Amino acid sequence: MTLPELLRAARDGAVSELELISLEGGIYLLQIVASQRRCHLLDDAGRNLRLRSVEHARDLLQELPEVPLFLVHASAYDEMCGLPGGTRDALRVPVSLRSRW
């Protein structure tokens with residue numbers, strides 16, 4: 001989904017939440033949860049749009065109506081040797097779309 005498509009879907013009430021997924025190297029991807037499907041925000045070439053920070057996401061999404069936004073960071077413990085198997089939930093923190101400075 002591109003930014004203009006996201007704006008239209010959010011204005012139509014089709015977006016239930018957004019997840020800003022933190023990856024290694026200071027890269028963030030925006031995952032859109034809309035109408036029981038998940039997709040990523042894409043650039044004009046159809047590739048995942050890489051964001052640099054929460055503030056970058058806020059700047060990009062400033063025209064978006066208020067939609068729940070969560071910062072998601074995978075647990076580093078999943079990659080450590082010697083820990084018992086199984087999955088651990090990612091850290092998922094609510095973040096405001098609007099900066100509160």
Side-chain angles (χ1 to χ4, degrees):
M1 183 180 290
T2 62
L3 184 58
E5 292 169 334
L6 171 59
L7 292 173
R8 276 193 302 277
R11 289 180 183 138
D12 291 344
V15 176
S16 57
E17 66 184 43
L18 302 170
E19 292 183 336
L20 189 59
I21 301 171
S22 174
L23 302 174
E24 286 186 35
I27 297 169
Y28 296 83
L29 300 178
L30 189 69
Q31 183 167 263
I32 303 153
V33 181
S35 304
Q36 300 183 7
R37 76 176 190 131
R38 291 176 179 264
C39 58
H40 286 97
L41 185 61
L42 305 175
D43 63 16
D44 293 334
R47 296 176 299 224
N48 286 335
L49 182 64
R50 293 179 171 194
L51 302 171
R52 298 179 306 273
S53 65
V54 172
E55 287 304 316
H56 184 199
R58 283 180 175 150
D59 289 344
L60 188 70
L61 303 172
Q62 64 187 353
E63 295 179 36
L64 206 66
E66 197 64 35
V67 174
L69 173 65
F70 296 90
L71 176 61
V72 178
H73 186 76
S75 171
Y77 296 111
D78 290 341
E79 299 176 9
M80 294 180 70
C81 295
L83 291 177
T87 59
R88 289 169 185 77
D89 292 332
L91 175 65
R92 191 170 188 264
V93 181
V95 177
S96 173
L97 262 178
R98 311 295 178 245
S99 180
R100 302 206 190 265
W101 297 107

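What you see is a predicted model; the values in this text were computed from it and never measured.
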If Ile, Leu, Val, Met, Phe, Trp and Tyr residues are connected whenever their side-chain heavy atoms lie under 4.5 Å apart, and connections chain through other members, are [X] and [Y] in the same group?
{"X": "Leu30", "Y": "Leu7", "result": "yes"}
{"X": "Ile32", "Y": "Phe70", "result": "no"}
{"X": "Leu41", "Y": "Val67", "result": "yes"}
{"X": "Leu20", "Y": "Met1", "result": "yes"}
{"X": "Leu61", "Y": "Val95", "result": "yes"}

Is the closest side-chain heavy-atom distance between [X] and [Y] below 4.5 Å?
{"X": "Leu3", "Y": "Leu49", "value": "no"}
{"X": "Leu23", "Y": "Arg50", "value": "no"}
{"X": "Leu91", "Y": "Leu71", "value": "no"}
{"X": "Arg58", "Y": "Ser53", "value": "no"}

Original post:
Who pairs with Pro4 by side-chain contact (heavy atoms from CB on, under 4.5 Å), at least two apart in sequence or on another chain?
Top reply: Thr2, Arg8

Subject >> Partners meeting side-chain contact (heavy atoms from CB on, under 4.5 Å) with His40 (sequence neighbours left out) >> reply: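 Partners of His40 by the side-chain contact (heavy atoms from CB on, under 4.5 Å) criterion, ordered by chain and then number, come out as Ile21, Leu29, Gln31, Asn48.
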
Return all side-chain donor-acceptor pairs below 3.5 angstrom for residues 11-18, not counting sequence neighbours, or 'none' if the list is empty.
{"residue": "Ser16", "atom": "OG", "partner": "Val33", "partner atom": "O", "Å": "3.0"}
{"residue": "Glu17", "atom": "OE1", "partner": "Arg92", "partner atom": "NH2", "Å": "3.4"}
{"residue": "Glu17", "atom": "OE2", "partner": "Arg92", "partner atom": "NH2", "Å": "2.2"}

Subject >> Least distance between heavy atoms, Pro65 atom then Leu97 atom >> reply: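 Reported closest heavy-atom pair: O-CD1, 3.7 Å.
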
Subject >> Over all atoms of both residues, closest heavy-atom pair of Leu69 and Ser96 >> reply: CD2-O, 4.3 Å

**OP:** Using side-chain hydrogen bond (donor to acceptor under 3.5 Å, both in side chains) as the criterion, list what pairs up with Arg38, not counting sequence neighbours.
**Re:**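 Arg38 satisfies side-chain hydrogen bond (donor to acceptor under 3.5 Å, both in side chains) with Glu19 only.
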
**OP:** Output all residues satisfying side-chain hydrogen bond (donor to acceptor under 3.5 Å, both in side chains) with Asp43, sequence neighbours left out; order by chain, then residue number.
**Re:** Arg47

